[in-house]
2 protein chains.
Amino acid sequence: MKLNTKSRYAVMALADMARFDGKNPVSLRDISLRQSISLLYLEQIFLRLKKNNIVKSVRGTNGGYIISKNINDLKISDIFYALDEKVKTVGCKKELKRGCNGKSSKCLTHNLWDELDLHINSFFENKKLGDLVKRKESRN
Amino acid sequence: MKLNTKSRYAVMALADMARFDGKNPVSLRDISLRQSISLLYLEQIFLRLKKNNIVKSVRGTNGGYIISKNINDLKISDIFYALDEKVKTVGCKKELKRGCNGKSSKCLTHNLWDELDLHINSFFENKKLGDLVKRKESRN
DNA sequence: GTAATCTTGACTATTTTAGTCGGGTATATA
DNA sequence: TATATACCCGACTAAAATAGTCAAGATTAC
């Protein structure tokens, strides 16, 4: 049970960006160097982030990306959503047909998975990108 | 972000067993039929459960498996542990060498992953196998 | 006009996962 | 004591997911 690297890198990259004022675009090249993430891979990730309006792009020299909204309003779950990180523990819904259709006695565990999903999702719903930066600063 | 089938099947199978008195061994064949899980796969799963003292086996005709302890004391996390289900969201620990060694500014997200792990783990620590059966019964 | 930077789809190697196979061993019961 | 039922266990494999690269652009600052 783990997150995929796309999601993780996305959060890392955005946290990296969040340390700056938000006025000047940050280039992927810089993020790539600071966070040791492949530039080509970052491009793929930011494509998704842009499509989901999490970042805005500025083309050309001195271009880069800017975080669209206030970092204290940007939920971690929004980032995951953009990258298709399904926080789904896979209940019986997916494999229906043969079994669990609600009333079946097969799915004793049905509710467990539902609860877990809820539990994890609420964690990410309540965490904001801003929290990550704040925490770090107050600690150093 | 999802659980693997081994863990899920293990919980399903044990929940299935938990409905019985706990005196008579339950055969994998029966579980296989009731839960629509491949018998061969179940064998593999129960091998691990047995090694981790979650179930005891009874060989021969009319044999099967018995849950070792009281179902109200059996944590879901114990089951996952037996099947190597790592509830690890992969922080920077694994990929150290080049980056985050605690003091590095690279790992703004370090704490996020740690918190998440804690959050998920505590969920499973507090859930007992008995809870699953109770819930279902009270609902029907 | 050229260097820096974003844009995009397609491709690929590697790893993980899910599940099977085959050949055992133990024991209840007829 | 024969036999059917069940556990035991390592090795294997097909399929899917993942991580990451490649190639070929399009914009814009200077």
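Quick note on labels: first sequence line is chain A, next is B, and so on, each numbered from 1.
- Residues I66(A) make up the rest of the hydrophobic cluster containing V58(A), defined by ILVMFWY side-chain heavy atoms closer than 4.5 Å, directly or through other members.
- Under the rule for a side-chain hydrogen bond (donor to acceptor under 3.5 Å, both in side chains), the partners of N72(B) that lie at least two apart in sequence or sit in another chain are N70(B).
- Remark: R59(B) pairs with no residue by the side chain to side chain contact (heavy atoms under 4.5 Å, CB included) rule, at least two apart or across chains.
- The stretch residues 37-51 of chain B participates, sequence neighbours left out, in these salt bridge (Lys or Arg N to Asp or Glu O under 4.0 Å) pairs: R48(B)-D84(B).
- A straight line from CD of E43(A) to P of dA24(D) spans 15 Å, rounded to a whole angstrom.
- Listed in residue order, the members of residues 49-59 of chain A having a heavy atom less than 4.0 Å from DNA chain D are R59(A).
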> Which parts of nucleotides 16-21 of chain D does protein reach within less than 4.0 Å, heavy atoms only, written one letter per nucleotide 5' to 3' as B for base, S for sugar-phosphate only and - for none?
Replying inline: ---BBB
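- With sequence neighbours left out, the side-chain hydrogen bond (donor to acceptor under 3.5 Å, both in side chains) criterion links K6(A) to Q44(A).
- Note: CG (L28(B)) to P (dC7(D)) measures 4 Å, nearest angstrom.
- Along DNA chain C, read 5' to 3', the first and last nucleotides having any atom under 4.0 Å from a heavy atom of chain A are dA3(C) to dA10(C).
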Which pairs would a plain distance check flag for residues 76-83 of chain B, meaning a side-chain donor or acceptor within less than 3.5 Å of a matching protein atom at least two apart in sequence or in another chain?
from: S77(B); atom 1: OG; to: E125(B); atom 2: OE2; distance (Å): 3.2
from: D78(B); atom 1: OD2; to: K75(B); atom 2: N; distance (Å): 3.4

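- Each of G64(B) and T61(A) was assigned the nucleotide of DNA chain D with the nearest heavy atom; the assignment lying further toward the 5' end belongs to G64(B).
- Applying the ring-ring contact (aromatic ring centres under 6.0 Å, His included) test to F123(A) and every residue at least two apart in sequence or in another chain returns H119(B).
- Of the possible donor and acceptor atoms, one in the side chain of S32(A) sits under 3.5 Å from a partner among the backbone N and O of I37(A).
- Screening residues 56-79 of chain A for ring-ring contact (aromatic ring centres under 6.0 Å, His included) gives F46(A)-Y65(A) as the qualifying pairs, with residues at least two apart or on separate chains.
- Residue contacts shown for F46(B) are absent, as no nucleic acid heavy atom lies under 4.0 Å away.
- The side-chain hydrogen bond (donor to acceptor under 3.5 Å, both in side chains) search around T5(B) returns Y41(B), not counting sequence neighbours.
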